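Below, chain A is the first sequence line, B the second, and so on; all start at residue 1. No experiment lies behind these values; they were computed from the predicted model shown.
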Amino acid sequence: MLYKEYLQHELDKWLQEQNIDFHTQPGWVDFSKELSFGDYSTTLPLNLAKILKKSPGQIANSIVPALSSAFFEKIEATPNGYINFFLHPDHLIQQLREANADPIHFLSTTTGAGKKVLIEYVSCNPTGPITVANARGGPIGDTIANMYTLFGYHTEREFYVNDMGSKIRKLAESVFYHIQLKLNGSAALPEEFYPGEYVQEIAEAYLQEDKPSVLTLDRQQAITLLSQYSLEFMLRKIFLDLDDLHIHFTQIFRESELHKGYLAETIQLLTDKGATYQQEGALWFRSTQFGDDKDRVLLRKDGSPTYLAGDISYHRNKFERGYDRIVDIWGADQSHQKPLKFALRLLGFDEEKLLTVVFQLVHLFKDGQELKMSKSTGAFISLRELIDEIGPDVTRFIYLTRSHDQHLNFDVETTKSHDPKNPVFYAQYAFTRCKGILREARDKGLDLTFIPDTLTFTDQAETDLIRKIAHLPDKLFRAFELLSPHLITMDLIDLGNTFHLFYEHCRVVDLQNPETSQSRIFLVQVLVKIMTALFQLLGIDTPERM
RNA sequence: GCGCCUGUAGCUCAGGGGAUAGAGCAUCUGCCUUCUAAGCAGGUGGCCGGGGGUUCGAAUCCCUCCAGGCGCGCCA
């Protein structure tokens with residue numbers, strides 16, 4: 001149940017009845033700052049004071065009588081002008097029962113029913129292993145996609161492969177070098193070269209597969225062959241690494257698909273709009289017309305399309321596939337957002353449908369020194385190394401604790417030491433404690449399927465936990481609106497905290513007090529279901545024991 | 001120089017113009033004969049980068065300065 005939405009609606013209704021030409025703003029109904037202020041609070045009276053020329057306290061007093069509702073036990077106007085809403089205990093228990101019956105339905109809404117969303121993420125260049133830096137889009141994109149699914153959207157997850165660019169050729173040149181070195185004992189270093197160890201790995205894998213010796217081919221043919229091979233090799237590795245983080249795609253889109261006339265057609269469409277011009281042998285997009293810093297090249301002197309031209313075509317294709325919403329998860333080093341959106345507007349697409357989540361880059365430190373990562377120098381920490389050191393759960397959790405527009409800094413040493421104080425364990429431990437309680441209950445012969453007709457909760461720690469559960473739908477919806485998975489992570493830590501408190505205060509399995517025991521077992525079972533759903537959203541495991 | 005992001009406790013970070021600025025970690029003090037102490041309770045710790053402005057009210061919005069990151073290719 002989304003109480004914020006409900007309350008905002010009620011307040012707007014009151015404003016209308018009073019003929020006050022004023023509309024509430026989303027932030028005006030929010031969770032109360034502390035438990036003594038109830039569950040939800042509004043600052044509407046404070047905002048009305050000036051218009052109505054009355055004190056906020058007076059206004060609060062005049063609104064309260066109009067707001068009676070079965071959901072709330074108490075609606076209180078404070079002298080300083082807040083209105084605090086206290087959820088009714090009976091209603092809270094009703095919410096618990098609903099959460100138990102169908103946790104997914106309890107947590108979500110059907111906002112996206114019948115709608116289609118495409119979400120594209122990671123899409124790293126297959127010119128090397130996926131690194132700690134470019135993997136960040138993985139957990140973010142995957143969790144956002146999970147949220148869309150939760151809220152009823154038909155969700156497609158896409159990985160875009162740049163299989164046409166010069167960087168693939170550079171990789172092939174590098175692999176070719178190693179093959180020549182291996183077979184001939186010597187080779188000329190190509191002008192463009194990737195120094196990483198993985199390049200040798202590709203060369204060795206190629207030779208092991210008993211391929212016809214590339215050395216008999218002319219250079220051009222050899223490079224073409226090796227481009228293909230290296231690309232597929234790296235893609236397999238990337239998807240294997242992502243698989244360990246439980247990241248999967250419903251489809252892969254290859255840039256080469258666009259080069260069968262679609263890209264040329266897209267450029268023609270832009271030209272038809274008068275948005276391109278020829279200069280110095282290249283075809284330019286007149287993006288300054290829309291406020292861009294400078295015009296952008298679409299077709300180079302040699303006639304080959306730029307990355308931007310490809311991406312405009314790719315997004316045109318996304319739009320033409322008919323989604324209600326298109327989400328791009330981009331690293332901060334992607335700089336062509338502006339001209340891309342200009343082009344799409346020009347092509348007649350609704351920009352509002354396209355949401356771009358830009359995440360800031362990852363910075364690694366060791367002994368206080370930043371480790372600079374670069375594929376071209378071969379210096380980087382691969383995602384694989386990180387997963388091997390700290391496991392997939394901690395890896396995902398680290399990526400998901402920070403807001404995407406926050407730089408992600410972490411120290412290699414502290415992260416590699418598998419620190420048991422990592423916050424992911426705090427939340428997971430709460431979960432395993434729940435599971436421990438249920439095991440104990442079962443061992444003592446209690447019936448876990450039994451749901452009492454009357455549930456009684458008297459301890460403060462119990463009601464606090466129940467209230468936290470009741471607030472979750474609002475919290476999740478907020479995380480969804482903002483496409484901010486890290487808020488879910490925070491909620492899990494918060495929920496864990498409230499549970500640990502409950503655990504200390506309230507003995508659950510207690511044969512001397514069967515009624516209290518049954519109510520608490522029910523509560524723990526609901527919590528298990530809720531936490532499972534939240535961990536699933538984050539793609540993090542729910543261990544039985546730790 | 002221009003554009004985007006950031007600056008909040010010792011560290012990593014939450015915080016939708018409103019009530020006394022929060023969490024985890026670290027540190028100090030207590031708590032295991034009871035469902036896992038990877039926990040709980042309590043203490044220490046803050047000119048919310050500086051300055052100005054808007055407002056009844058600013059960590060939050062605007063301007064400016066300082067500091068850091070990223071981008072500013074006929075690379076992808």
Side-chain angles (χ1 to χ4, degrees), chain A residues 4 25-30 32-34 36-37 41-43 45-47 49-50 56 78 80-82 84 123-125 127 162 164-168 170 255 280-284 292-294 296-302 304-308 310-311 331-338 358-361 363 370 376 398 401-411 414 419-430 432-441 443-444 478 481-482 486-487 489-490 493-494 496-497 499-501 503-510 517 520-521 524 545-546:
Chain A
K4 286 194 197 180
Q25 306 226 340
W28 292 356
V29 178
D30 208 345
S32 301
K33 280 194 78 171
E34 18 176 301
S36 62
F37 296 151
S41 303
T42 180
T43 57
L46 293 151
N47 293 290
K50 202 169 190 177
T78 71
N80 56 350
Y82 290 85
N84 295 327
S123 300
C124 57
N125 268 322
T127 54
N162 306 120
M164 293 297 286
S166 61
K167 300 221 162 160
I168 290 294
K170 180 175 163 184
E255 186 188 351
E280 293 167 8
L283 186 77
W284 294 71
D292 202 1
D293 303 343
K294 56 191 162 206
R296 313 280 172 163
V297 172
L298 294 175
L299 292 176
R300 302 186 187 95
K301 234 180 281 181
D302 66 3
S304 62
T306 58
Y307 181 78
L308 175 64
D311 218 32
D333 54 345
Q334 297 281 312
S335 57
H336 63 290
Q337 196 181 150
K338 263 190 188 173
V358 176
F359 61 88
Q360 296 301 309
L361 298 189
H363 301 284
E370 181 167 1
S376 36
I398 286 173
T401 356
R402 285 137 178 103
S403 161
H404 55 78
D405 54 15
Q406 187 75 235
H407 299 271
L408 177 52
N409 303 314
F410 57 89
D411 191 281
T414 53
D419 189 355
K421 291 293 182 190
N422 192 303
V424 68
F425 298 127
Y426 184 82
Q428 280 184 325
Y429 184 53
T432 57
R433 275 181 145 182
C434 289
K435 297 299 275 190
I437 290 170
L438 297 181
R439 271 196 305 273
E440 174 75 10
D443 291 348
K444 290 264 169 75
R478 173 92 180 127
E481 275 182 319
L482 295 178
H486 75 281
L487 295 175
T489 314
M490 298 292 159
I493 291 172
D494 192 39
N497 179 266
F499 168 77
H500 285 309
L501 224 133
Y503 186 91
E504 297 292 329
H505 281 85
C506 303
R507 175 76 200 181
V508 177
V509 182
D510 182 2
S517 210
R520 288 178 177 171
I521 287 170
V524 169
R545 298 165 199 269
M546 283 172 79

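Base orientation at B:C32 is syn, since its O4'-C1' glycosidic dihedral falls within 90° of 0.
Partner assigned to B:G42 is B:C28, using Watson-Crick or G-U wobble distances below 3.5 angstrom. Taking a pair to require two hydrogen-bonding distances under 3.5 Å in either a Watson-Crick or a G-U wobble arrangement, B:U60 remains unpaired. Pairing for B:U33 is absent, judged as Watson-Crick or G-U wobble with the two contacts each under 3.5 Å. Look at B:A67: its Watson-Crick or wobble partner, with both distances under 3.5 angstrom, is B:U6.
Proximity note for A:Asn125 (side chain, C-beta onward) versus B:C5, B:A19, B:A76: the nearest is B:A76. Considering only the side chain of A:Asp405, B:C5 comes nearest among B:C40, B:U34, B:C5. When distances run from any side-chain atom of A:Ser335 to the nucleotides B:C72, B:C74, B:C56, the shortest one goes to B:C72. Closest to the side chain of A:Arg507, from the set B:G24, B:C72, B:C35, is B:C35. Distances from the side chain of A:Ser166 to the nucleotides B:C35, B:G71, B:A76 place B:A76 closest. Minimum atom distance to the side chain of A:Glu255 is reached by B:A76, of the listed B:A76, B:C35, B:U20. Comparing B:U6, B:A23, B:A76 by their closest approach to the side chain of A:Asn497 singles out B:A23. Proximity note for A:Glu34 (side chain, C-beta onward) versus B:U20, B:C70, B:C40: the nearest is B:U20. Of the candidates B:A14, B:A23, B:U20, the closest approach to any side-chain atom of A:Ile493 belongs to B:A23. In the set B:C74, B:A19, B:A76, the nucleotide with an atom closest to the side chain of A:Asn80 is B:A19.
Listed pair A:Lys301 / B:C74 fails the phosphate criterion, with no side-chain N or O lying under 4.0 Å from OP1 or OP2. One finds a side-chain N or O of A:Arg300 lying less than 4.0 angstrom from the OP1 or OP2 phosphate oxygen of B:A76. Between B:A37 and A:Arg433, a contact under 4.0 Å exists linking OP1 or OP2 to a side-chain N or O. A:Gln406 has a side-chain polar atom (N or O) that falls below the 4.0 Å cut-off from OP1 or OP2 of B:A14. A:His404 has no side-chain polar atom (N or O) that falls below the 4.0 Å cut-off from OP1 or OP2 of B:C4. A close approach under 4.0 Å does occur between a side-chain nitrogen or oxygen of A:Lys294 and OP1 or OP2 of B:G73.
Closest-nucleotide positions on RNA chain B for A:Leu308 and A:Thr43 were compared, and the one nearer the 5' end corresponds to A:Thr43. Remark on RNA chain B: of its neighbouring residues A:Glu440 and A:Thr78, the 5'-side contact belongs to A:Thr78, judged by nearest-heavy-atom nucleotide.
A donor N or O paired with an acceptor N or O is found under 3.5 Å between the base of B:C5 and the side-chain atoms of A:His407. With hydrogens and angles left out, the side chain of A:Lys167 and the base of B:C75 share a donor-acceptor pair within 3.5 Å. For A:Thr432 and B:A38, a side-chain-to-base donor-acceptor distance below 3.5 Å is absent, hydrogens and geometry of angles not being considered. Taking only distance into account, the side chain of A:Asp333 never meets the base of B:A76 through a donor-acceptor pair shorter than 3.5 Å.
Within the 4.5 Å cutoff, the side chain of A:His336 has no heavy atoms near those of the A:Arg296 side chain. Looking at heavy atoms from C-beta onward, A:Val358 lies out of side-chain contact with A:His404 at the 4.5 angstrom threshold.
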Does the side chain to side chain contact (heavy atoms under 4.5 Å, CB included) test come out yes or no for A:Leu46 and A:Trp28, once each step is laid out? CA-CA 10 Å; A:Leu46 293 151; A:Trp28 292 356; over 6 Å; no
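To the nearest whole angstrom, the two C1' atoms, one in B:G52 and one in B:C66, are 15 Å apart. A distance of about 26 Å separates the C1' atoms of B:A67 and B:A26, rounded to the whole Å. Distance check on atom P: B:G17 versus B:U6 gives 15 Å, rounded to whole Å. Taking atom P in both B:U60 and B:A76, the straight-line distance is 42 Å, to the nearest Å. Spacing of P atoms, B:A21 relative to B:C25, comes out at 22 Å, to the nearest Å. Nucleotides B:C28 and B:U20 are separated by 33 Å at their P atoms, to the nearest Å. Across B:G24 and B:C62, the matching P atoms stand 32 Å from one another, rounded to whole Å. For the P atom pair drawn from B:C35 and B:U27, the interatomic distance equals 27 Å after rounding to whole Å.
Panel note: side chain A:Arg439, backbone A:Ala441; no donor-acceptor pair is recorded below 3.5 Å.
B:G24 has no base stacking with the ring of A:Tyr426 when judged by centroids under 5.5 angstrom apart and an interplanar angle below 30°.
In summary, the side chains of A:Thr401 and A:Thr489 do not present any donor paired with an acceptor at a separation below 3.5 Å, with no hydrogens or angles considered.
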